[in-house]
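Read the structure below first, then the notes.
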There are 4 protein chains.
Amino acid sequence: MSVKQNIVEQSIRLFETKGFSETSIQDVVEALGVTKGTFYYYFQSKEQLLKEIHLMYIDELLKRQEQIIRRADINNKSKLMEIVRLLVNQIRENGRSARVFFREMRNLNPESAATVKQKRRTFRLNLQAIIEAGMREGEFRQDLRADLITFAILGMCNWSYNWFNPEGPATDEQLVETYMETLLHGMERLNKLTK
Amino acid sequence: MSVKQNIVEQSIRLFETKGFSETSIQDVVEALGVTKGTFYYYFQSKEQLLKEIHLMYIDELLKRQEQIIRRADINNKSKLMEIVRLLVNQIRENGRSARVFFREMRNLNPESAATVKQKRRTFRLNLQAIIEAGMREGEFRQDLRADLITFAILGMCNWSYNWFNPEGPATDEQLVETYMETLLHGMERLNKLTK
Amino acid sequence: MSVKQNIVEQSIRLFETKGFSETSIQDVVEALGVTKGTFYYYFQSKEQLLKEIHLMYIDELLKRQEQIIRRADINNKSKLMEIVRLLVNQIRENGRSARVFFREMRNLNPESAATVKQKRRTFRLNLQAIIEAGMREGEFRQDLRADLITFAILGMCNWSYNWFNPEGPATDEQLVETYMETLLHGMERLNKLTK
Amino acid sequence: MSVKQNIVEQSIRLFETKGFSETSIQDVVEALGVTKGTFYYYFQSKEQLLKEIHLMYIDELLKRQEQIIRRADINNKSKLMEIVRLLVNQIRENGRSARVFFREMRNLNPESAATVKQKRRTFRLNLQAIIEAGMREGEFRQDLRADLITFAILGMCNWSYNWFNPEGPATDEQLVETYMETLLHGMERLNKLTK
DNA sequence: CATGAATGAGAATTCATTCAT
DNA sequence: GATGAATGAATTCTCATTCAT
């Protein structure tokens, strides 16, 4: 692995554990056994490193989302499920990056933040478009606001970075299934009505 | 308003805008027109101030949750709705505090963090208990894991601190209704099945 | 005991343990359960308190030395012994004060320091005068410099504030006897000469 | 001379003049024309600097004492004399360091203090061993407690850091001779007895 | 590519002291 | 006599960044 890749890995680890502001360049280079000069050879600033971490994360998400959207073989409901799975998986597999991504956006400079925000917005609107398509095509109820539901789904999934532990009592696939089942059919006991 | 109250207000404002680590005591006292000595007359440390903000927030939430739980006149479904409303309202009314609360827990020292975490855990388990009661009493489906649904609900509601703007295109009551409707009945078009 | 006396007592205790500079007025008043205002009612400054402690100590020493010097019933050798006893006793009985006295002179302001230094000088010259009298009157050898011997005696005695512990393996009277015996007759084995 | 050496030199000078607590890092770096950052590049803390000063001093003393102890060509009386000379010389040559060494031990942190105390103890016990050997081998009287005499000698010599001035009316060699003569034969006029 | 020395601005915190009440 | 609020200057220490080598 390249020196630069190493720096990125270590800093994700440290930023997740201690926080971006609380992690010094010294911490990062000490964890790698190099000196500060080396860091500044590869990165112009601490902020640029954070920016790269953010872009790597959101670009990966967008790329995978794009692949889901383009699929012609599945309907919108399945696409929604794939996106829920994508979000949850991403947290399972790249939990550290996910936590840095969600927590440290404030520390980007205005331009970087704008870029990242725009991409996050794209991701959200892509999801919303799937829901709206599903509504038009009769898969989803039309009496709920697509924008608010989109936020609800993102909240549900993204929040799991706060607590989800792959070694814990629930697997990520159980999580996806429970979330999807709740989202699609709700938690109310229906046969109660038919009794 | 007392000087101490003023310090708390101003720091919530600044912590929300710039972040805890990025806000200096100097920033806080300058916003108030007092000196650093004054700050340290009222607070032992910057961390203690953050701790107080956290405790104020979570204690208020727990108190209101308690009131909802104790109500004998409503069923579990309504209690769930009240808690969703509580979370969303809290963000509408105390958005700043909410954002500080969710973002800055890392900056508490281990003991304070443990205290706050314990209280957050209590809030979550109280909510889970309502859901479990609803399952037992036939209000909710029994084939979904109560713990995961609890996280889903909390994620949904809490995430809104990231985007919800009371002046935006949706009111908080609309938000509550959409969330509850989705949670209870799901977003899938049901008459499709009956066709 | 008066409030002022209490302040003096507590601060001697704290100055000895933590050092003058490292002890804050806050520490002193907290140990007493009063407030800083009270301190400044009785003392103009922290330095003035230190000055009073110094003066109490050296004035007591000078007073007792005076009594020894004035005695007509004993010779210079006995007077020397009484002064050694005085110094050692003072450390046993007022160990804390002694330690503050020897260590914290640097923290007096120039005027206070001058006053105290003058009194310490007086004490030393009084002792030197006894030795010189003893030399003239045939009690002591005349081939040793009185000034240097005076310093030797003071060093011997004063140094004990660094280590002497009344509960330790030597009593203060043993200390006085050993010191006097060494000072008067030396530690060399004399019968070796007569062999 | 290296920057680090320079920092040590200047701080000894300042610590001696103003005291450790009363000397700020600012004072030190200003005296050198560098910045605070430079100080902290070389030392982790102010306390670590003090620790290094202490260790340099006591290690030098121990090294020289060791050389004296190992000598086979001189008896214990001469070894004692060499150690008295060592102490007095050290104060003459490194008066500043000596004063810092004797006055500022309180400002070491507990671990550093323990290390230094242990070394000081070793120095003292080495001296005591010489005296005990001298007693066993008939050079010194056996009716005096070796431990107390050791303290007496150390007090005599060390105290001179308080007053001894190489430019004053006594040379260091005179001081050594007077101290040794007093220690060995005492100050009492012996022929008085034989008259 | 990489280092090590240096910087300087700013951080949290302490504390003797004042003073109106 | 005593208090409590406030001050402001100073203190230790951190850290992103630079740069000659």
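Computed from a predicted model, the values in this text were never measured in an experiment. Just so it is clear: chains get the letters A, B, ... in the order the sequence lines come, proteins before strands, and each one is counted from 1. Excluded from the calculations below are hydrogen atoms, water molecules and symmetry mates; all remaining heavy atoms, backbone and side chain alike, are included.
- A close approach under 4.0 Å does occur between a side-chain nitrogen or oxygen of Y42(D) and OP1 or OP2 of dA6(E).
- Minimum atom distance to the side chain of T35(D) is reached by dG8(E), of the listed dT13(E), dG8(E), dC15(F).
- Considering only the side chain of I25(B), dT13(E) comes nearest among dT12(F), dT3(E), dT13(E).
- dT11(F) is paired with dA12(E) under the criterion used here, namely a Watson-Crick or G-U wobble arrangement in which both key atom distances are under 3.5 Å.
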**Request:** Check the pair E30(B) / K36(B) against salt bridge (charged side-chain N to carboxylate O under 4.0 Å, His left out), numbers first and verdict last.
**Result:** CA-CA 9 Å; E30(B) 258 168 30; K36(B) 273 188 275 194; over 6 Å; no
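- For the side chain to side chain contact (heavy atoms under 4.5 Å, CB included) with I7(D), the qualifying choice from V28(D), V34(D), I25(D), V29(D) is V28(D), the only one to do so.
- T23(C) comes within 4.0 angstrom of sugar-phosphate atoms only, judged by non-hydrogen atoms across all strands, and of no base.
- Pair assignment for dA6(E) gives dT17(F), based on Watson-Crick or G-U wobble hydrogen-bonding distances that are each under 3.5 Å.
- Atom-to-atom, NZ of K36(C) to P of dC15(E) comes out at 9 Å; the value is rounded to the nearest Å.
- Aromatic ring orientation, F101(C) versus H54(C): tilted (interplanar angle from 30° to 60°).
- Heavy atoms of S21(D) sit nowhere under 4.0 angstrom from any nucleic acid atom.
- If you find the closest nucleotide of DNA chain E to T38(A) and to Q26(B), the one lying nearer the 5' end belongs to T38(A).
- OP1 or OP2 of dT17(E) sits under 4.0 Å from a side-chain N or O of Y40(C).
- Salt-bridge annotation for E16(A) and R106(B): absent, with no side-chain N of the basic residue lying under 4.0 Å from a carboxylate O of the acidic one.
- A donor N or O paired with an acceptor N or O is not found under 3.5 Å between the base of dT13(E) and the side-chain atoms of K46(B).
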